Amino acid sequence: MRSPQGAERRRRLVEARDVRREYRLKGDLIEAVRGISLEVDAGDFLAIVGPSGSGKSTLLHLLGAVDSPTSGAIYLDGSDVTALSDSERARFRLEHVGLVFQRFHLLPMLTALENVELPMAEAGLARKEREQRAKELLTRVGLGERMRHRPGEISGGQRQRVAVARALANRPALLLADEPTGELDQSTSAEMLELFQSLNEDGTAIVVATHDLQLAAGARQQLTLVDGKIRE
Amino acid sequence: MLIFRYSARELLRHPARSLLAVLGVAVACAMLLDMLMLGGGLNASFRSLLTSAGYELRVSPAGTLPFDTGATIADADGVRSRLEAEPAVDAVAPVLGSNLLIEGDAPDRLFVLGVDPAEQGIYRLTSGRDPHDGGVVIGRELSDAGLSIGDSISLRAPGSFAEAGRRTGRFRVTGVAEFLYASSGERSAAVALPTLARLTDQPDRASLMMVRLTEGQNPDSVAAALRLRHPELEIASVGQLVETAARRLSYFRQLAAILGTVSLVVTTLLIGTIMAISINDRYGTIAALRAIGISKRSIVAAFLVESLLLCLLAAGVGLGLGLVVAEQLERILSDFPGLPSAIRFFVFEPDRLAWAAAGVLLAGVGAALVPAIRAMNAPIAATLHREEP
């Protein structure tokens, strides 16, 4: 991550310019993100930290084109995602962004292999091709022996690995993870950090929103949010 | 196809809920099928019965329907001759109907039809031969009661004892037949028309004439033309009689329409409720799927397939159940007074099955559409915020 004025040596994946996100909650105006500008380049591993309600998840959703800013602009891989329609943004996320959630959100009735295949099926990959890639990904995250298991049949850490494999299915340059260790114990969290570091070394840019200091310390860059603003 | 596999397995995730939904919709589907069979069944069955003997027109005394009253056609031979002289007419079968008593210790009532054995459409012989002079063809009820071909019975027209001798005849059973228009349990028999006319003191009379047309004639047009030339007679085509019967029995159709609509509403509510509960349980997952780029269309399709599978299973069970229930109801209604027992209330036709299945499937899929679209339009980020701790 570098400031907007920083030198460009690597491919720019995310550029946020004076992004604001406000919403109303029971009549009150909540300013979740207040004028944030940042950039994420290929190879970055950025941890967004901050207290609860500081706007970490909101910022992550904005960076991943899951949510739209109230004002400001967000460029993902050079595209102004704020100008895209709902379905165009969905397609963009499918092809360019990998997302990992605290609660995994795997489909319980599908096997690990099928869960990883899902985004590839949506992208239109042929069955053999997607099955082959899903197997490679599950092996990559250490679940080569658990491919035919359903989420209910594996541990929390393994579920999160399946979720990471699913996020990588369509070869996104950017992986966003919202509290990925929030449901995991300490040793499993450490394994998750190792996985993220390994993926990052392979070239995947990673942005995590986390309370987990161990995970944040393992990232290459850290950014602290307080009350919706970056604390210098 | 992966998303459809997901839909199918999702039904197994809550087997009790899915089973109850399938059973509920199956009952509604069975009711819909039965109502569709009932709605058109009487008409189809009545038409089939009236045309089964191959006579396209019915002639009765003016202002009456066949066997609707005790009125008879006078100058029956003359009327028959005049009708047979019509170029569009191939043959005329006169019928006289009357109640007679079987002589014995405890006289039994018997409905006897006087026919021209050479030209009749009232019965179908199952054994023996037609009732030429001195003979009688009996129905299954009498046959079951012990009468056989070759046996003799005495038949007497009801009336005073003074006339009893003149109005009694002894007949030999020549055949056993299925009487096409007999109601359930009715004892029927047929003798030669002149014999019955003599016994009942109704010379040259007929209750009804059945008319067969030459090939290629339009029964409605011929009936209209004949009515103009024979205003003293009521002449109706089978189609017109079916319409009259349909009007008289319209409450069956109204009942079928109301209950059929109720079954569709029940299906819609049941599937709508089940799918709403199921979709509400998965708001977080839906938001996550949308966040990772799964399109709204794919997710709505998955829910619709889920609903479709539920309805398909229910339709499979429901259509079978509907046929069984129709059979049971048919047994009860076959004793409906005054209607020929050959009339079927619930007539199975493949298109009724298809309509019932299509109705349930459409209602079910339509019901799932509303909660599915509502879930699709929920904001992703806000839903994820709410779902994540």
Side-chain angles (χ1 to χ4, degrees), chain A residues 21 23 25 32 52-53 57-58 60-62 64-68 86-87 89-111 113-115 117-123 125 127 130-131 134 150 152 163 166-167 169-170 172 176 178-179 182-183 209, chain B residues 1-19 275 277-303 305-307 309-310 372-389:
Chain A
R21 182 68 173 99
Y23 55 89
L25 188 66
S52 290
S57 294
T58 304
L60 205 72
H61 291 154
L62 291 169
V66 173
D67 198 4
S68 296
D86 197 41
S87 60
R89 275 192 294 140
R91 192 72 194 176
F92 191 90
R93 290 193 299 271
L94 181 73
E95 292 171 350
H96 298 276
V97 183
L99 276 161
V100 176
F101 309 96
Q102 180 175 345
R103 286 198 168 162
F104 327 126
H105 288 304
L106 299 172
L107 298 183
M109 297 305 284
L110 295 186
T111 63
L113 191 70
E114 290 166 335
N115 266 289
E117 278 187 59
L118 196 62
M120 292 186 271
E122 179 72 15
L125 255 71
R127 186 177 178 173
R130 70 178 192 239
E131 193 176 315
R150 290 184 181 172
R166 180 180 68 180
N170 287 323
L176 303 177
D178 190 6
E179 298 285 4
E183 303 265 309
Chain B
M1 290 310 288
L2 189 56
I3 202 90
F4 298 149
R5 212 180 305 161
Y6 162 65
S7 305
R9 290 191 201 157
E10 195 59 36
L11 292 178
L12 299 174
R13 197 168 155 213
H14 301 287
R17 188 160 80 187
S18 299
L19 182 67
M275 290 307 294
I277 291 169
S278 170
I279 290 170
N280 282 347
D281 283 351
R282 287 180 276 169
Y283 255 63
T285 303
I286 294 166
L289 286 175
R290 287 185 58 206
I292 67 170
I294 306 298
S295 66
K296 284 183 179 181
R297 201 172 55 181
S298 293
I299 297 173
V300 169
F303 288 129
V305 167
E306 207 171 307
S307 164
L309 288 174
L310 267 181
I373 288 176
R374 208 169 50 118
M376 284 311 94
N377 290 326
I380 305 174
T383 308
L384 285 173
H385 270 303
R386 202 170 49 241
E387 293 288 326
E388 299 277 294

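The shown structure was predicted, so the numbers you read here are calculated from the model rather than taken from an experiment.
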When only pairs under 4.5 Å are counted, which of A:Arg89, A:Glu95, A:Arg127 shares the most heavy-atom pairs with chain B? A:Arg127
Heaviest contributor of heavy-atom pairs below 4.5 Å to chain B, chosen from A:Leu99, A:Leu107, A:Thr58, is A:Leu107
When A:Gly64, A:Ala169, A:Pro172, A:Ala90 are compared by non-hydrogen pairs under 4.5 Å with chain B, the top option: A:Ala90
Option that, when pairs with chain A are counted at under 4.5 Å, heavy atom only, ranks first among B:Leu289, B:Ile292, B:Leu12: B:Ile292
Looking only at heavy atoms, what is the nearest atom pair of A:Pro119 and A:Arg166, with distance? CG-CG, 3.6 Å
Part of A:Ser57 within contact of chain B (heavy atom distance under 4.5 Å): both
Is the count of non-hydrogen atoms from other residues, nucleotides or ligands lying under 6.0 Å from B:Arg17 atom CZ greater than 12? yes
Using a strict threshold of under 4.0 Å (side-chain N to carboxylate O), is an ion pair present between A:Glu114 and B:Arg9? yes
Applying a strict 4.5 Å limit to non-hydrogen atoms, the region of A:Arg21 in contact with chain B is neither
Classify the ring geometry of A:His96 against A:Phe92: parallel below 30°, tilted from 30° to 60°, perpendicular beyond 60°. parallel
Can you name the closest pair of heavy atoms from A:Arg93 and B:Ala291 and give their distance? NE-O, 2.8 Å
What residue, out of A:Leu176, A:Leu118, A:Asp67, has the most heavy-atom pairs lying under 4.5 Å from chain B? A:Leu118
